[in-house]
Amino acid sequence: MKRQIALVDCNNFYVSCERLFRPDLKTTPVVVLSNNDGCVVSRSNEAKAVGIKMGQPWFECKELAEAHGVLALSSNYALYADLSNRVMNILGGYSPMTEVYSIDECFVDLTGMPKLRDISYQMRERVIQWTGIPVCVGIGPTKTLAKLANHIAKKHPRSKGVFNYNDLTEAQQTRLLSQISVDEVWGIGFRLSKRLAAHHIHTVQDLRAAHTPTLRAEFGVVVEKTQRELQGIACVDLQDHVPDKQQILSSQSFGKPVTELAVLQDALSVFSATASEKLRAQNSHAALIQVYLRTNWFREDQKQYCPSMTVPLPMPTNDSLVINRWVQHIAELLWRDGYKYKKAGIMLGEISPVAVVQADLLEPVKTSDTKLMRAIDGLNSRFGRGTIKVSSGGLRAEWGMRQERESPSYTTDWNSVPAVA
DNA sequence: TCTCCGATTAGAC
DNA sequence: CTAACGGTCTAATCGGAGA
């Protein structure tokens with residue numbers, strides 16, 4: 001039986017979330033900015049029409065945007081995560097096999113279900129009625145073709161938000177794929193599409209029909225798999241459980257340049273807490289710590305310094321305090337006076353499940369303070385991240401994010417909800 | 001020569 | 001007024017070191 005894989009994708013997700021609580025913005029052009037109000041990461045259709053590009057630095061398009069009355073908002077991830085969960089819960093009701101692929105996308109296996117069109121339209125209706133978030137549905141025999149079908153559903157208003165590639169004849173498929181640029185394909189980014197062009201592969205159809213052994217030799221297994229998927233042969237299966245992270249990062253660009261070690265260490269202590277919390281959330285521990293710092297590489301006039309150090313731990317751990325001690329120590333080793341640091345981060349690697357570690361028969365396992373860590377995680381999840389944190393000298397103002405355009409957290413913070421008369 | 005490893009590259013969103 | 005370009009993650013591939 002032919003697989004019917006649906007990819008449900010929220011339209012302009014972050015902007016749609018913001019608009020839920022600001023109905024007055026329904027027709028205003030809106031963009032949402034990344035951390036530090038740095039880059040544009042979500043655009044309303046009106047903002048796209050004005051010519052603002054995805055990923056564009058805000059300072060670069062600010063003038064254009066403001067000339068067209070574009071409203072820019074800081075990102076509010078607590079809000080987006082909450083709405084994402086609601087959308088995903090609804091979609092989960094449509095199939096025993098779903099894969100939450102990202103904050104705004106979900107694959108749903110509809111294979112064998114009758115009346116796919118009706119189901120697809122109902123999904124759309126239900127999600128928008130229950131959450132207010134508009135979505136589009138693309139269906140195909142493989143994940144890659146489902147993604148492409150979704151792209152078509154989004155782009156062509158005639159489709160009314162739903163497109164099923166499986167309904168096409170072979171001739172229709174060829175005609176359609178010939179009209180789509182190869183860089184729209186999942187897994188074909190900026191660089192690959194340039195290299196493919198050198199081999200006269202410009203459209204999706206070109207890639208689908210290309211000579212496979214040549215493709216394999218020139219571009220590797222990833223592109224070959226993509227080609228197979230475009231031919232309708234599944235190479236990528238749905239994953240219904242989220243695999244444990246193999247590495248965990250916590251990093252941030254600073255709101256203003258950091259020139260003092262104490263300020264850097266304050267930031268790093270927060271990163272340590274965040275990263276080890278994530279580690280404990282998946283019940284793992286790590287045996288490798290990396291710390292890195294960097295100056296602002298966009299400032300060619302300033303001297304650059306981008307050190308990093310990776311340290312294998314004598315014993316794997318998920319204890320914030322232990323991790324933080326290592327991090328602080330590494331930071332001192334890396335630090336050089338006289339630079340303007342723009343960004344720092346830590347990475348935890350060599351991650352494994354806590355349960356798997358066997359006690360050494362000869363040497364007693366050094367238990368870290370699991371009770372304390374559980375208490376910290378419990379309080380933080382009950383009262384919000386940062387309720388309890390590793391010692392921080394209160395220097396956050398010196399390095400924290402600039403976020404000057406944030407909307408209130410209506411769905412996750414009671415204090416943001418306006419009082420009702 | 002083979003294998004392992006860390007670093008680099010490319011991609012998603 | 002300042003300073004002014006995100007954050008996390010995975011997989012494949014490459015090149016050198018060591019067996």
Side-chain angles (χ1 to χ4, degrees), chain A residues 7 9-10 12-14 31-43 53-63 72 74-75 77 80-81 84 99-107 143-144 147 150-151 182-196 216-226 235-236 239 242-259 271 274-275 278-279 282 288 290 292 294-302 306 308-312 340 342-351 397-399 401-404:
Chain A
L7 188 265
D9 192 318
C10 303
N12 313 332
F13 183 54
Y14 297 170
V31 298
V32 172
L33 304 177
S34 65
N35 279 354
N36 270 319
D37 295 340
C39 296
V40 173
V41 291
S42 181
R43 304 163 296 160
K53 300 286 176 243
M54 183 60 177
Q56 203 177 8
W58 175 239
F59 76 88
E60 222 176 84
C61 54
K62 191 174 177 184
E63 220 165 288
S74 301
S75 43
Y77 286 99
Y80 312 149
S84 174
E99 175 187 341
V100 177
Y101 175 69
S102 74
I103 195 165
D104 74 331
E105 285 174 71
C106 186
F107 289 103
K143 286 168 109 178
T144 304
K147 277 249 183 194
N150 188 283
H151 167 76
V182 73
D183 58 14
E184 301 291 352
V185 174
W186 189 33
I188 306 297
F190 172 71
R191 274 161 260 253
L192 274 174
S193 52
K194 283 205 154 175
R195 284 170 54 204
L196 286 166
R216 168 68 201 250
E218 293 287 328
F219 299 96
V221 289
V222 179
V223 174
E224 187 190 349
K225 275 190 190 171
T226 298
C235 298
V236 192
Q239 293 190 308
V242 186
D244 283 349
K245 302 270 178 270
Q246 300 174 26
Q247 50 178 218
I248 291 173
L249 254 108
S250 177
S251 71
Q252 207 185 285
S253 296
F254 302 130
K256 50 188 178 184
V258 165
T259 54
F271 302 162
T274 307
K278 287 188 207 170
L279 192 58
Q282 66 169 41
L288 195 80
Q290 183 179 63
Y292 69 88
R294 67 171 46 144
T295 46
N296 187 347
W297 56 287
F298 291 105
R299 294 291 297 267
E300 289 171 19
D301 55 318
Q302 293 176 358
C306 307
S308 79
M309 190 178 288
T310 308
V311 173
K340 295 185 172 178
K342 169 65 180 168
K343 182 175 179 175
I346 75 166
M347 194 266 284
L348 305 178
E350 299 278 278
I351 291 173
E398 296 300 312
W399 61 269
M401 274 192 276
R402 281 190 319 278
Q403 278 209 308
E404 291 159 2

Show each protein N/O and nucleotides 6-8 of chain C N/O combination with a separation under 3.5 Å, one pair to a line.
{"residue": "C:dG6", "atom": "O4'", "partner": "A:S34", "partner atom": "OG", "Å": "3.0"}
{"residue": "C:dG7", "atom": "OP1", "partner": "A:S253", "partner atom": "N", "Å": "2.8"}
{"residue": "C:dG7", "atom": "OP2", "partner": "A:S253", "partner atom": "N", "Å": "3.3"}
{"residue": "C:dG7", "atom": "OP2", "partner": "A:S253", "partner atom": "OG", "Å": "2.8"}
{"residue": "C:dT8", "atom": "OP2", "partner": "A:S251", "partner atom": "N", "Å": "2.6"}
{"residue": "C:dT8", "atom": "OP2", "partner": "A:S251", "partner atom": "O", "Å": "2.8"}
{"residue": "C:dT8", "atom": "OP2", "partner": "A:S251", "partner atom": "OG", "Å": "3.1"}

(message) Tell me whether the rings of A:Y14 and A:Y80 are parallel (<30°), tilted (30 to 60°) or perpendicular (>60°).
(response) parallel
(message) If I take atom NZ in residue A:K340 and atom C1' in nucleotide C:dA3, what distance separates them, rounded to the nearest angstrom?
(response) 10 Å
Interface polar pairs with nucleotides 16-18 of chain C, N/O, under 3.5 angstrom:
none

(request) Find the distance A:E63:CD to C:dA4:P and express it as a whole number of Å. (result) 19 Å
(request) Sort out the partner of B:dT9 for me: Watson-Crick or G-U wobble, both distances under 3.5 Å, none otherwise. (result) C:dA11
(message) Between C1' on B:dC5 and CG on A:L288, what's the gap in Å once rounded to a whole number?
(response) 12 Å
(request) Return yes if some donor-acceptor pair links the side-chain N/O of A:S34 with the main-chain N/O of A:C39 below 3.5 Å, else return no. (result) yes
(message) By nearest heavy atom, map A:E60 and A:E404 onto DNA chain C; which one lands nearer the 5' end?
(response) A:E404
(message) Between P on B:dA12 and NZ on A:K143, what's the gap in Å once rounded to a whole number?
(response) 14 Å
(message) Using whole Å, what does the distance between atom P of nucleotide C:dT2 and atom CG of A:D37 come to?
(response) 18 Å
(message) Donor-acceptor pair, distance only, cut-off 3.5 Å: does the side chain of A:Q282 make one with the backbone of A:K245?
(response) yes
(request) Name the orientation class of the two ring planes belonging to A:W399 and A:F254 (parallel below 30°, tilted from 30 to 60°, perpendicular beyond 60°). (result) perpendicular
(request) Could you pull out the closest heavy-atom pair between A:S251 and A:Y292, with the gap in Å? (result) CB-OH, 3.2 Å
Report each atom pair, protein N/O against N/O of nucleotides 8-11 of chain B, whose distance is under 3.5 angstrom.
{"residue": "B:dG11", "atom": "OP1", "partner": "A:G189", "partner atom": "N", "Å": "3.3"}
{"residue": "B:dG11", "atom": "OP1", "partner": "A:L192", "partner atom": "N", "Å": "2.6"}
{"residue": "B:dG11", "atom": "OP2", "partner": "A:R191", "partner atom": "N", "Å": "3.2"}

(message) Could you identify the nucleotide paired to C:dT2, looking across every strand shown and requiring Watson-Crick or G-U wobble geometry with both distances under 3.5 Å?
(response) none
(request) Establish, with yes or no, whether the OP1 or OP2 oxygen of C:dA4 is under 4.0 angstrom from a side-chain nitrogen or oxygen of A:R299. (result) yes
(request) Evaluate the side chain to side chain contact (heavy atoms under 4.5 Å, CB included) criterion for residues A:E105 and A:L7: first the C-alpha distance (whole Å), next the side-chain angles of each, then the deciding distance (0.1 Å), finally the verdict. (result) CA-CA 7 Å; A:E105 285 174 71; A:L7 188 265; 3.9 Å; yes
(request) Determine: side-chain N/O of A:Q246 to OP1/OP2 of C:dA11, distance under 4.0 Å, yes or no. (result) yes
(message) Need to verify one output field. Residue with the more 5' nearest nucleotide on DNA chain C, A:K225 or A:F59?
(response) A:F59
(request) Specify the separation, in whole Å, of atom CD of A:Q282 and atom C1' of C:dC9. (result) 12 Å
(message) Quick one: does any side-chain atom of A:S84 pair with a main-chain N or O of A:I103 as donor and acceptor, under 3.5 Å?
(response) yes
(message) Nearest whole Å is fine: how far is C:dT10 C1' from A:D244 CG?
(response) 14 Å
(request) Mind listing the closest non-hydrogen atom pair of A:S74 and A:E404 along with its distance? (result) OG-N, 3.5 Å
(message) Looking at every heavy atom in both A:G187 and A:L192, which two are closest together, and how far apart are they?
(response) O-CD1, 3.6 Å
(request) Identify the heavy atoms of A:T259 and A:K340 that sit nearest to each other, and give their distance. (result) CG2-CG, 4.2 Å
(message) Closer than 3.5 angstrom, by distance alone: can the side chain of A:R402 be matched with the main-chain N or O of A:G255 as a donor-acceptor pair?
(response) yes
(message) One pair to check against side chain to side chain contact (heavy atoms under 4.5 Å, CB included): A:I248 and A:I351. What are the steps and the verdict?
(response) CA-CA 9 Å; A:I248 291 173; A:I351 291 173; 3.9 Å; yes
(request) Would you kindly give the CD1-to-C1' distance between A:I103 and B:dA12, to the nearest whole Å? (result) 14 Å
